[in-house]
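Bear in mind the structure is a predicted one, so any value in this text is a computation, not a measurement. Hydrogens, waters and symmetry mates are skipped; everything else that's a heavy atom, side chains included, is used.
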Amino acid sequence: MRHALLLAPVAVLLLALSVMPAASAHADEGDSANYYIEGYVSDTGWKPMGGVTVTVYTWIGPFTSGVTNADGFFSVGVGVNTGLEIDFSVRGYTVIACPNATFRQDSERLALSLSGVAYNNATHTYTVTGTIGDRRSAIMTATEGTIEGSVMFSGGPVKNAAVSLIPTDVGEIYTGHTDNDGKYRIRCPTGIYALTAGGQGFNTSERAVVTVTGTEPGDNTPALQQAPITLEKTELRKYLGMDAAHALMLAGVMVGVLLAAVAWHLSKRSGGTFYFELFDDSEEGGEGDSGS
């Protein structure tokens, strides 16, 4: 009997552990959407914004995303309805207002509160914004940011290095060049970019994903992000155990030896010293002698 009482809690614990991974896997697959967060997104002119990625983060770890349609409408499924954060992302824009959400200091996410939000029990849907026509949608404004940094190598700054910001979606590539101190500064629309740099005599750096953020709401000062880059000197390719410079030097010596051998061989066949004549005026000279 005593052994049975001891095994019962163990069995319950093992059962709980066996269920937890399954629930986590479903959450990752988006199959455990118990609730739906819905709303609308517009620009400052109250025009619907399609193509905005709306991401909802939960306290249990997994997060889910949705994309607004042409009407600016989004719907994101989540597993819980507490401890939520929401983020709106599209290149060149920054969210400046969202009903039932508050800006968090030093974070791009907004804390989402569902208290007082209209809830449809039949569909488990929380409507966190009003419609665009009612001017109660989430609002995004066109913004720019500035990214700056320095391009260095083991010997110091890299002058005149080309720095590129390549958008992760389709769009314009923004470029800049470093000054004599290896510093660069590029202003571009806010969004996610791949940052890379290269220069003469240096390998192109690997692409680093950077997020260019805009100004804080109510602040006209351009946001500034630091992004240093380190380059490596280009290594000469190896040929026969030698680098390219020594290989070219050896090739030049071999060509010289070959030409010397050809010249010696031709001189032996002609029975005298072989030389190249740039001009041959023997015929002109002969005609002059016969004429005299």
For [Y], does its backbone N or O pair with a side-chain atom of [X] as donor and acceptor, under 3.5 Å?
X	Y	value
D181	K183	no
T68	G51	yes
T178	V158	yes
N69	D71	yes
T204	G198	no

Nearest heavy-atom pair of [X] and [Y]: which atoms, and what distance?
X	Y	result
V151	V163	CG2-CG2, 4.0 Å
G130	Y40	O-CD1, 3.6 Å
W59	T82	CD1-O, 2.9 Å
I139	W46	CD1-CH2, 3.4 Å
T55	T53	OG1-CG2, 3.8 Å
P167	L165	CD-O, 3.7 Å

Nearest-0.5 Å distance that lies between atom CZ in R91 and atom OG1 in T168: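 Reported value, rounded in 0.5 Å steps: 8.0 Å.
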
hydrophobic_cluster_shared for I147 and I192, side chain cutoff 4.5 Å: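 Per the 4.5 Å side-chain linkage, I192 and I147 are not co-clustered.
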
Identify whether V67 and V41 are in the same connected component of the hydrophobic contact network (ILVMFWY, side-chain heavy atoms under 4.5 Å).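 Per the 4.5 Å side-chain linkage, V67 and V41 are not co-clustered.
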
Sub-4.5 Å side-chain heavy-atom contact between [X] and [Y]:
X	Y	answer
L231	N203	no
C98	F88	yes
V90	M49	yes
Y193	C188	yes
T58	L84	yes
M140	V52	yes
T175	I186	no
V128	L114	yes

Just checking, is any N or O donor in the side chain of [X] or [Y] under 3.5 Å from an acceptor N or O on the other one?
X	Y	value
E38	T127	no
T143	T190	yes
Y57	D87	no
R136	T129	no

Side chain to side chain donor-acceptor pair (under 3.5 Å) between Y126 and N81: does it pass, once the steps are laid out? CA-CA 9 Å; Y126 288 94; N81 61 353; 2.8 Å; yes

Is the number of heavy atoms from other residues, nucleotides or ligands under 6.0 Å of E206 CD greater than 12?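 No, the 6.0 Å shell around CD holds no more than 12 heavy atoms from other groups.
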
If you draw a 6.0 Å radius around OH in Y36, do more than 12 non-hydrogen atoms from other residues or ligands fall strictly inside? no

Side chain to side chain contact (heavy atoms under 4.5 Å, CB included) between V56 and E85: does it pass, once the steps are laid out? CA-CA 6 Å; V56 179; E85 294 179 321; over 6 Å; no

Is there a side chain to side chain donor-acceptor pair (under 3.5 Å) between S137 and S42? Walk through the geometry before answering. CA-CA 6 Å; S137 61; S42 70; 2.8 Å; yes

For a side chain to side chain contact (heavy atoms under 4.5 Å, CB included) check, start with the C-alpha distance between K159 and D179, then their side-chain angles and the critical distance, and finish with the verdict. CA-CA 6 Å; K159 304 176 183 178; D179 58 18; over 6 Å; no

Parallel, tilted or perpendicular for Y119 and H124, by the 30°/60° rule?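 Y119 vs H124 ring planes: parallel.
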
